Visitor: 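Structure incoming, see below.
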Amino acid sequence: MPVAIITGASKGLGRALAAALAGRGWDLVVDARSAGPLEEAARELRAAGRGAGARVVALPGDVADAGHRAALVAAAGELGGLDLLVNNASALGAEPLVRLADHPLDGLRTALEVNVVAPLGLIQQALPLLRVSSYLASYEEFTPQAERAFRGGGDENGEAYDSHPYTRNARNAGLSDSPPYIGTGGAILAISSDAAVEAYPTWGGYGAAKAALDQQSAVLAVEEPGLRVWWVDPGDMRTDLYAAAVPDEDALGRPLPGTVVPALLRLLDGAAPSGRYTAASVAAAPGEVNAR
């Protein structure tokens with residue numbers, strides 16, 4: 001069975017993606033800060049994966065804690081390895097969001113710690129397992145097919161989208177300690193935001209943290225060409241995080257997180273090239289994308 005770690009999996013997009021993977025027979029290591037909601041989610045995930053034989057390990061804790069991150073990776077190792085790491089847990093930095101002139105600096109530090117530092121810490125712990133994963137097809141054999149399939153799509157504005165602008169020259173990057181641009185490996189999925197690339201009032205602290213996550217992911221994709229590294233803007237969703245960010249806004253018209261899951265699964269099923277994606281661009285890409 002393939003194995004995934006998903007942070008922030010007690011609700012929202014993390015829980016929805018975990019349920020989909022459990023239904024496919026993936027073994028899961030999931031976490032959240034609150035033990036009660038996480039155990040409730042774990043029961044749902046075990047039920048979703050029962051027919052497929054999926055195993056679910058739920059570890060409550062804070063991704064900002066190094067000991068907790070080590071425990072997540074150790075649990076994946078006990079399940080047999082690690083094929084997919086999903087850095088989904090997020091922190092706003094201020095609830096509700098405020099203008100930068102009023103943004104608490106301690107809140108910004110928290111947003112950077114949870115959205116940037118903790119994902120890198122987890123990646124560092126997980127890399128030995130991800131590098132030896134055999135789940136995804138060889139980049140060398142798959143990349144031309146994937147580029148044809150994904151490059152045909154567009155973003156929500158109808159413009160052509162370059163799915164992996166940062167990895168085009170990875171083969172010639174001259175990184176002496178990098179693995180060769182061939183072979184198999186696992187995948188890392190970072191949940192980003194349109195606030196990382198757009199200047200929305202009051203979203204400056206959170207957006208800065210997500211922009212840092214995007215750049216960190218882009219560099220990682222070049223440094224680890226044997227892996228797939230995807231950083232994805234899921235678009236607007238009806239989540240507790242959004243409600244905390246903008247409590248006065250009616251979110252009933254926003255799509256539920258489950259509507260984004262098919263796009264994330266398409267990246268995985270198609271072994272898409274490393275890069276920044278929007279869920280909308282992946283959904284709009286024509287043709288079948290399945291290398292497995």
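We count residues from 1, following the sequence as given. Everything numeric here is computed off the predicted structure, so don't read it as measured data.
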Visitor: For a salt bridge (Lys or Arg N to Asp or Glu O under 4.0 Å) check, start with the C-alpha distance between Asp102 and Arg99, then their side-chain angles and the critical distance, and finish with the verdict.
Guide: CA-CA 6 Å; Asp102 303 313; Arg99 298 171 66 89; 5.7 Å; no
Visitor: Work out which heavy atom in Ala279 is nearest to a heavy atom in Pro234; give both atom names and the distance.
Guide: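 The answer is CB-O, 3.7 Å.
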Visitor: Could you go through Arg55 and Glu78, starting from their C-alpha distance and side-chain angles, then the distance that decides it, and tell me whether this counts as salt bridge (Lys or Arg N to Asp or Glu O under 4.0 Å)?
Guide: CA-CA 11 Å; Arg55 296 171 290 176; Glu78 291 174 2; over 6 Å; no
Visitor: Which heavy atom of Glu39 sits nearest to which heavy atom of Ala58, and what is that distance?
Guide: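 Distance-wise, the nearest heavy atoms are OE1-CB, 4.4 Å.
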Visitor: Looking at Val3, Leu21, Ile5, which hits side chain to side chain contact (heavy atoms under 4.5 Å, CB included) with Leu84?
Guide: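 The option that passes is Leu21.
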Visitor: Just grab all the side chain to side chain donor-acceptor pair (under 3.5 Å) pairs involving residues 114-129, residues at least two apart or on different chains.
Guide: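 Output for this query is empty, none listed.
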Visitor: Of all the heavy-atom pairs spanning Ser274 and Ala221, show the shortest one and how long it is.
Guide: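 Nearest heavy atoms, Ser274 then Ala221: CB-CB, 3.8 Å.
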Visitor: Is there a path of hydrophobic side-chain contacts, each under 4.5 Å between heavy atoms of I/L/V/M/F/W/Y residues, joining Leu122 to Val114?
Guide: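 Different hydrophobic clusters.
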Visitor: Would you please name every residue forming a side chain to side chain donor-acceptor pair (under 3.5 Å) with Asp65, sequence neighbours left out?
Guide: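 Side chain to side chain donor-acceptor pair (under 3.5 Å) check on Asp65 returns nothing, list empty.
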Visitor: Asp194 vs Tyr200, test: side-chain hydrogen bond (donor to acceptor under 3.5 Å, both in side chains). Steps then yes/no.
Guide: CA-CA 9 Å; Asp194 57 343; Tyr200 300 131; 2.9 Å; yes
Visitor: Is any side-chain heavy atom of Thr278 closer than 4.5 Å to one of Val232?
Guide: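 Heavy-atom side-chain distance check fails, nothing below 4.5 Å.
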Visitor: Is the backbone of Ile191 close enough, under 3.5 Å, to the side chain of Asn88 for a donor and an acceptor to pair up by distance?
Guide: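 Side chain of Asn88 to backbone of Ile191: no pair is present.
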Visitor: Please lay out, stage by stage, how Val57 and Val30 fare under the test side-chain contact (heavy atoms from CB on, under 4.5 Å).
Guide: CA-CA 6 Å; Val57 177; Val30 294; over 6 Å; no
Visitor: Report the residue from Ile123, Val73, Leu227 that forms a side chain to side chain contact (heavy atoms under 4.5 Å, CB included) with Leu130.
Guide: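 Considering Ile123, Val73, Leu227, a side chain to side chain contact (heavy atoms under 4.5 Å, CB included) with Leu130 is found only for Leu227.
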Visitor: Evaluate whether atom CZ of Arg238 has more than 12 neighbouring non-hydrogen atoms of other residues, nucleotides or ligands under 6.0 angstrom away.
Guide: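 Yes.
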Visitor: Quick check for you: to the nearest 0.5 Å, what is the distance between Met1 atom CE and Tyr135 atom OH?
Guide: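 Here the interatomic distance stands at 11.5 Å.
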Visitor: Which heavy atom of Arg33 sits nearest a heavy atom of Ser90, and at what distance?
Guide: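 Nearest pair, atom of Arg33 first, then Ser90: NH2-O, 4.3 Å.
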Visitor: What residues, two or more places apart in sequence or in another chain, satisfy side chain to side chain donor-acceptor pair (under 3.5 Å) together with Thr110?
Guide: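 Side chain to side chain donor-acceptor pair (under 3.5 Å) check on Thr110 returns nothing, list empty.
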Visitor: Assigning hydrophobic clusters by single linkage (Ile, Leu, Val, Met, Phe, Trp, Tyr; side-chain heavy-atom cutoff under 4.5 Å), is Leu267 placed with Leu213?
Guide: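 Different hydrophobic clusters.
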Visitor: Distance from Leu136 atom CG to Asp83 atom CG, nearest 0.5 Å?
Guide: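 Going from the CG atom of Leu136 to the CG atom of Asp83 covers 7.5 Å.
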Visitor: CE of Met237 to OG of Ser193: how many Å apart, nearest 0.5 Å?
Guide: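 If we round to the nearest 0.5 Å, Met237:CE and Ser193:OG are 8.5 Å apart.
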Visitor: Before you tell me yes or no, could you show the steps for Leu268 and Trp26 under side-chain contact (heavy atoms from CB on, under 4.5 Å), namely the whole-Å CA-CA distance, both residues' side-chain angles and the distance that decides it to 0.1 Å?
Guide: CA-CA 12 Å; Leu268 183 63; Trp26 280 67; 3.6 Å; yes
Visitor: As an exercise, state the distance from CG of Leu241 to CG of Leu92, rounded to the nearest 0.5 Å.
Guide: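 Rounded to the nearest 0.5 Å, the CG-CG separation comes out at 4.0 Å.
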Visitor: Between the side chain of Ser10 and the main-chain N/O of Leu38, is any donor-acceptor distance below 3.5 Å?
Guide: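 It does not hold such a pair.
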Visitor: When you check the side-chain N and O atoms of Ser192 and Asp214, is any donor under 3.5 Å from an acceptor?
Guide: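 A pair is found: one side chain offers a donor N or O, the other an acceptor, under 3.5 Å apart.
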Visitor: About how many Å separate CG of Leu189 and CZ of Arg228, when rounded to the nearest 0.5 Å?
Guide: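 Rounded to the nearest 0.5 Å, the CZ-CG separation comes out at 13.5 Å.
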Visitor: Check whether Ser281 reaches the backbone of Tyr277 with its side chain - one donor and one acceptor, N or O, closer than 3.5 Å.
Guide: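 No.
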Visitor: Report the C-alpha separation of Trp203 and Leu100 in whole Å, then their side-chain angles, then the decisive distance to 0.1 Å, and conclude whether the side-chain contact (heavy atoms from CB on, under 4.5 Å) test is met.
Guide: CA-CA 8 Å; Trp203 288 85; Leu100 287 174; over 6 Å; no
Visitor: Less than 4.5 Å apart, any side-chain heavy atom of Leu265 and any of Arg24?
Guide: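 Yes; the side chains approach each other to less than 4.5 Å.
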Visitor: Is the side chain of Thr7 donor-acceptor paired with the backbone N or O of Ala89 at a distance under 3.5 Å, no angle test?
Guide: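 Such a contact is found between Thr7 side chain and Ala89 backbone.
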Visitor: Minimum heavy-atom separation for Pro104 and Ala94, please, with both atom names.
Guide: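 Residues Pro104 and Ala94, closest heavy atoms: CD-CB, 4.2 Å.
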Visitor: Closest approach of Leu82 and Ala76, non-hydrogen atoms and distance?
Guide: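 Where Leu82 meets Ala76 most closely, the heavy atoms are CD1-CB, 4.2 Å.
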Visitor: Looking only at side-chain N and O atoms, does Lys11 offer a donor or acceptor that is under 3.5 Å from a partner on Thr239?
Guide: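 No pair is found: no donor N or O on one side chain lies under 3.5 Å from an acceptor on the other.
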Visitor: Quick one, Leu220 and Leu120 - any side-chain contact, counting heavy atoms below 4.5 Å?
Guide: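 In short, these two side chains do not touch, never coming nearer than 4.5 Å.
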Visitor: Main chain of Trp230, side chain of Arg276: is a donor-acceptor contact present, judged purely on distance under 3.5 Å?
Guide: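 Judged by distance alone, no pair lies under 3.5 Å.
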Visitor: Any chance you could measure Asp62, atom CG, to Glu113, atom CD, to the nearest 0.5 Å?
Guide: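 Between Asp62 CG and Glu113 CD, I get 8.5 Å after rounding to 0.5 Å.
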